[in-house]
Number of protein chains: 2
Amino acid sequence: MSTYHHGGLRAALLQAAGDLLEKQGLAALSLREAARRAGVSHNAPYRHFPDRDALLASLASEGYRQLGEALKGRAGREMGEAYVRFALGHPNRFRLMFGGVLAMAAHPELREAAGATYETLVVAFRAQRDIADPALAAAAAWSLVHGLAQLLLDGHFPEARARDDFVRQVIGAVRFAAAPRPA
Amino acid sequence: MSTYHHGGLRAALLQAAGDLLEKQGLAALSLREAARRAGVSHNAPYRHFPDRDALLASLASEGYRQLGEALKGRAGREMGEAYVRFALGHPNRFRLMFGGVLAMAAHPELREAAGATYETLVVAFRAQRDIADPALAAAAAWSLVHGLAQLLLDGHFPEARARDDFVRQVIGAVRFAAAPRPA
DNA sequence: GATGGCAAGTTGACAATGACAACATCAGCA
DNA sequence: TGCTGATGTTGTCATTGTCAACTTGCCATC
């Protein structure tokens with residue numbers, strides 16, 4: 001069987017690149033190494049991705065979908081905790097998604113995946129009737145958990161020995177402005 | 001005047017690298033380009049920084065100090081807004097500081113600069129007596145503004161046409177748990 | 001069943017980069 | 001005067017992203 005044509009190279013590359021990213025970090029992720037691991041020549045990836053950034057964008061999009069899955073079905077605090085858990089569980093993927101390496105504008109695929117995930121958040125908040133402005137609350141909630149995740153990842157909360165508790169407490173320390181007057 | 005010895009190479013490199021970073025982004029920042037701009041050979045930087053990461057760490061430390069300056073003297077909402085303003089005003093520097101490119105642990109200089117800035121935040125909150133747990137509130141506040149900044153930077157809030165107002169509103173949508181009982 | 005075209009892979013090349021080693025310059029001090 | 005160490009320099013290497021040109025082999029069409 002001639003293996004000249006790989007068959008599922010695109011998927012194999014994403015797999016290899018994902019492995020590299022998660023286990024060794026973004027810096028270790030080169031197109032050539034991914035190609036090596038997929039058992040093809042150093043230029044084969046260009047048949048499936050216009051350039052390195054395109055590969056990264058695909059990995060990030062995967063990440064948004066995974067994150068969306070992790071949030072689905074949860075609400076409130078629980079959703080926030082799931083968000084942070086995802087970030088801590090996939091630090092390098094998370095950083096790729098939000099590290100500003102990729103310009104959202106240049107990768108429509110990214111924008112769509114990210115937008116869909118955000119939508120999950122907004123919907124969850126829209127359900128709670130006693131909140132003044134659900135959209136604003138959703139933005140604030142996302143900001144809170146996102147910032148918390150990022151700062152934990154970067155090691156900015158050394159006092160957080162027991163991460164799960166810390167996360168719960170921080171999220172618990174916040175209230176959202178109630179609807180001014182139930183008119 | 002023989003210019004064999006530059007005199008202030010370290011500072012000149014930081015200057016050049018800072019320019020590159022802020023104007024063209026992290027990807028465009030190479031040791032060699034910085035050396036070129038400082039008018040020295042491609043290897044001169046190694047006399048002042050062990051490797052590229054060390055240069056980046058210095059740039060990030062500068063950033064923490066600048067951020068500290070921007071926060072100093074402000075409190076509450078105002079401090080939060082200043083935080084976001086700093087991030088939006090120096091996007092690439094901010095991303096370098098928090099993008100996870102640098103491992104805090106590997107650069108003590110970084111840890112110290114970041115810690116000092118965080119201290120400013122905690123102190124500001126400790127002053128407010130009606131808050132249950134100031135340390136927790138500080139962590140939550142930092143998370144909130146940090147996440148907000150990051151998400152804005154990445155373009156995740158396309159609805160935020162009027163950024164300043166949006167920031168004010170999001171920050172305003174949050175309350176911190178009050179002290180349970182003024183014992 | 002031959003054939004021609006096109007997607008998918010391959011080899012080869014190039015410039016840029018981070019890093020190492022060996023050499024050059026020069027200020028200050030014994 | 002002459003040494004020495006910090007600061008710069010030149011030379012070199014492996015790695016990487018990307019472009020160009022060539023190869024393979026499946027599929028449709030005659």
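What you see below is based on every heavy atom in this structure, not just the backbone, and it leaves out hydrogens, waters and symmetry mates. Remember, it's a predicted structure, so these values are computed and weren't measured experimentally.
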Let's go through Arg168(A) and Glu81(A) carefully: what are the C-alpha distance in whole Å and the side-chain angles of both, what is the deciding distance for side-chain contact (heavy atoms from CB on, under 4.5 Å) to 0.1 Å, and is it a yes or a no? CA-CA 7 Å; Arg168(A) 237 188 307 276; Glu81(A) 290 172 30; 3.0 Å; yes
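Between the CZ atom of Phe49(A) and the C1' atom of dG9(C) there is a distance of 15 Å, rounded to whole Å. Following rounding to the nearest Å, Leu9(A) (CG) and dG25(D) (P) show an atom-to-atom distance of 16 Å. Across the protein-nucleic acid pair, Leu20(A) atom CG and dT15(D) atom C1' stand 15 Å apart, rounded to whole Å. What separates CG of Leu55(B) from P of dA19(C) is a distance of 11 Å, to the nearest Å. Distance, Leu26(B) CG to dG18(C) P: 11 Å, rounded to whole Å. Across the protein-nucleic acid pair, Leu13(A) atom CG and dG17(D) atom P stand 12 Å apart, rounded to whole Å. In this structure, CG of Leu31(B) is placed 13 Å from C1' of dA16(C), rounded to the nearest angstrom.
A sub-4.0 Å separation between OP1 or OP2 of dG8(D) and a side-chain N or O of His48(B) is present. Considering only side-chain N and O atoms, Arg10(B) lies nowhere under 4.0 angstrom from the phosphate OP1 or OP2 of dA6(D).
When distances are taken from the side chain of Tyr46(B) to each of dT18(D), dT9(D), dG18(C), the shortest belongs to dG18(C). With distances taken from any side-chain atom of Arg52(A) to the nucleotides dG9(C), dG8(D), dT18(D), the minimum falls on dT18(D). Here the side chain of Asn43(A) is nearest to one of dG8(D), dG9(C), dT11(C), namely dT11(C).
Once rounded to the nearest 0.5 Å, the distance linking CD of Gln66(A) with CG of Leu71(A) reads 12.0 Å.
Within a 6.0 Å radius of CD in Glu109(A), other residues, nucleotides and ligands contribute more than 12 heavy atoms.
Between His156(A) and Phe98(B), the ring planes are tilted. Angles from 30° to 60° get that label.
Within 4.0 Å of Ser41(A), counting heavy atoms only, lies at least one base atom of the nucleic acid. Note on Arg32(A): a base of the nucleic acid sits closer than 4.0 angstrom, heavy atoms only.
Two residues, His42(A) and Arg47(A), neighbour DNA chain D, and the one matched to the more 5' nucleotide by heavy-atom proximity is His42(A).
Contact of the Leu148(A) side chain with the Tyr83(A) side chain is not registered, since no non-hydrogen atoms from C-beta on lie closer than 4.5 Å.
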